[in-house]
Asker: 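Following this message is one structure expressed as structure tokens.
All ligand and atom numbering here is 1-based and tracks the order in the structure.
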Amino acid sequence: MAPTANHDLENLETIAEAVKVCTLCELCKSRHHAVPGEGKPNARIMLIGEGPGWHEDQQGRPFVGNSGKFLNELLAKAGVTREDVFITNVVKCRPPSNRDPLPDEIAACSRYLERQIELIDPDVIVTLGRFSMAKYFPGARISKIHGEAQEIGGRLIVPMYHPAAALHQSSLRGAIEDDFAKLPKLLAEVERDRAAASERESPADQLSLF
Ligand code: URA
Ligand code: SF4
């Protein structure tokens with residue numbers, strides 16, 4: 001049975017198993033370890049990067065190199081830890097020499113990302129860099145829309161610069177720090193909206209007060 005048959009993408013563990021043996025695109029030829037992604041299965045926040053770098057390819061884990069260290073700092077400033085979130089990438093295998101992922105590679109790998117999003121069902125998706133941004137905002141310029149949350153399909157999508165880009169360009173560093181600092185407020189708003197919605201759905205609780 002092909003490892004990518006839909007029934008094999010039933011839960012996050014079977015997705016990870018399918019990714020590890022996936023040969024759906026050329027990137028399988030040069031990878032050392034595929035990087036399915038990791039984190040809390042019912043995380044409210046999901047972060048989507050571009051693709052594994054050298055360290056990630058060595059370890060099979062997302063964001064464990066320098067940009068990962070920076071990402072941890074950014075999350076800490078937002079009062080969030082790695083244990084609170086789920087982190088994955090647009091492509092699960094490292095593009096050679098860290099080149100950009102190609103459209104056919106992104107397309108081939110999207111079945112895994114789609115299924116992860118469906119299963120985790122986060123309230124907020126933070127896209128890190130151009131390639132995950134393009135999934136929700138095709139043709140948009142990151143310099144124009146970074147940090148602006150938009151509701152798409154019932155969740156908030158927040159496009160942000162890629163931590164690696166911000167590490168190497170000091171002008172972007174302040175921007176990504178400011179954008180991450182907005183996360184607690186966004187989460188509080190999501191929480192408030194959800195509470196209001198559930199009150200609307202069960203007004204009986206309120207009526208019983210009289
Ligand atoms: N950059 C990414 O986009 N993803 C990783 O996992 C690491 C670096
Ligand atoms: Fe499969 Fe995605 Fe890796 Fe390509 S990048 S081989 S589609 S897991």
Side-chain angles (χ1 to χ4, degrees), residues 1-6 8-9 11-40 43 45-75 82-83 85-120 125-136 142 146 157-169 172-173 176 179-180:
M1 185 65 68
T4 52
N6 264 344
D8 282 345
L9 305 182
N11 59 50
L12 294 172
E13 286 77 28
T14 55
I15 293 173
E17 292 313 312
V19 163
K20 285 179 198 165
V21 296
C22 177
T23 55
L24 283 174
C25 85
E26 289 285 299
L27 295 179
C28 71
K29 294 184 180 160
S30 48
R31 74 174 175 226
H32 292 98
H33 297 282
V35 182
E38 62 187 31
K40 200 164 145 180
I45 308 179
M46 186 166 172
L47 296 112
I48 308 176
E50 181 176 319
W54 189 88
H55 291 280
E56 290 76 22
D57 177 61
Q58 293 291 311
Q59 296 184 35
R61 299 184 54 211
F63 282 97
V64 289
N66 283 337
S67 44
K69 280 189 203 126
F70 184 40
L71 181 61
N72 292 348
E73 288 171 27
L74 292 164
L75 287 170
R82 287 279 286 245
E83 288 72 43
V85 301
F86 192 93
I87 306 187
T88 189
N89 286 299
V90 168
V91 292
K92 314 302 192 200
C93 303
R94 182 189 183 219
S97 318
N98 294 343
R99 67 157 168 74
D100 289 347
L102 300 173
D104 65 312
E105 294 160 354
I106 294 172
C109 214
S110 69
R111 72 194 61 208
Y112 302 121
L113 181 59
E114 291 300 336
R115 197 68 188 115
Q116 287 171 322
I117 295 169
E118 204 172 85
L119 288 165
I120 295 161
I125 293 181
V126 176
T127 63
L128 301 168
R130 287 179 294 132
F131 292 93
S132 52
M133 176 186 73
K135 181 174 169 56
Y136 295 99
I142 197 158
H146 70 89
I157 314 295
V158 197
M160 300 215 195
Y161 283 111
H162 195 286
L167 261 186
H168 298 125
Q169 264 175 277
L172 304 185
R173 200 180 168 115
I176 199 173
D179 290 347
F180 265 87

Asker: What are the atoms of ligand 1, with element, lying closer than 4.0 Å to any heavy atom of Glu50?
Answerer: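 This gives 2 (C), 3 (O) as the contact atoms.
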Asker: Please tell me if the side chains of Leu24 and Tyr112 come closer than 4.5 Å, counting only heavy atoms from C-beta onward.
Answerer: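 Yes, at least one pair of side-chain atoms sits under 4.5 Å.
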Asker: What is the total of protein N/O/S atoms that are closer to atom 4 (Fe) of ligand 2 than 2.8 Å?
Answerer: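 Every protein N, O or S atom under 2.8 Å from atom 4 (Fe) of ligand 2 counted, the figure is 1.
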Asker: With sequence neighbours excluded, what pairs up with Phe180 under the ring-ring contact (aromatic ring centres under 6.0 Å, His included) test?
Answerer: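 Per chain and number, Phe180 pairs via ring-ring contact (aromatic ring centres under 6.0 Å, His included) with no residue.
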Asker: Consider ligand 1: state whether an atom of it lies below 4.0 angstrom from any non-hydrogen atom of Arg61.
Answerer: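 Arg61: no contact with ligand 1 (<4.0 Å).
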Asker: So, for Arg82 and Glu38, which heavy atoms are closest and what is the spacing to 0.1 Å?
Answerer: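 Scanning both residues completely, I find the closest heavy atoms to be NH2-OE2, 4.0 Å.
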Asker: Can you find a pair of side-chain heavy atoms, one from Lys135 and one from Leu113, that are under 4.5 Å apart?
Answerer: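 In contact.
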Asker: Would Glu56 and Arg94 pass as an ion pair if we require N to O under 4.0 Å?
Answerer: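 No, Glu56 and Arg94 are not salt-bridged.
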Asker: Among all protein non-hydrogen atoms, which one is nearest to atom 8 (C) of ligand 1, and what is the separation to 0.1 Å?
Answerer: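 Checked against all protein heavy atoms, atom 8 (C) of ligand 1 sits closest to Ser67 OG, 3.6 Å.
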Asker: Would you call Glu118 and Arg115 a salt bridge, using N to O less than 4.0 angstrom?
Answerer: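 A salt bridge links Glu118 with Arg115.
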Asker: Can you see which heavy atom on Ala166 is nearest to which on Ile176, and at what distance?
Answerer: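 Residues Ala166 and Ile176, closest heavy atoms: CB-CG2, 3.6 Å.
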Asker: For Arg31, take its heavy atoms, then give the atoms of ligand 2 lying under 4.0 Å from any of them.
Answerer: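 In order of number, 3 (Fe), 6 (S).
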Asker: Answer yes or no: is there a side-chain heavy-atom contact under 4.5 Å between Val35 and Asp57?
Answerer: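 Not touching, per the 4.5 Å side-chain cut-off.
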Asker: To the nearest 0.1 Å, how far is atom 2 (C) of ligand 1 from its closest protein heavy atom, and which atom is that?
Answerer: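 Closest protein heavy atom to atom 2 (C) of ligand 1: Gly51 O, 3.0 Å.
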Asker: If you define the side chain from C-beta out and look only at heavy atoms, does anything of Phe63 sit under 4.5 Å from Asn89?
Answerer: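 Touching, per the 4.5 Å side-chain cut-off.
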Asker: Would you indicate whether the side-chain heavy atoms of Leu12 and Ile120 approach each other to under 4.5 Å?
Answerer: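 Ile120 reaches Leu12 side chain to side chain.
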Asker: Heavy-atom contacts with His162 under 4.0 Å: which atoms of ligand 1 show up? List them by number with element.
Answerer: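 Checking each atom against His162, I get 1 (N), 2 (C), 3 (O).
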Asker: In terms of residue, atom name and distance, what is the protein heavy atom nearest to atom 4 (N) of ligand 1?
Answerer: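 Ranked first by proximity to atom 4 (N) of ligand 1 is Asn89 OD1, 2.7 Å.
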Asker: Using distance alone, determine whether Gly49 and ligand 1 share an N or O pair under 3.5 Å.
Answerer: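 Such a contact does not occur with ligand 1.
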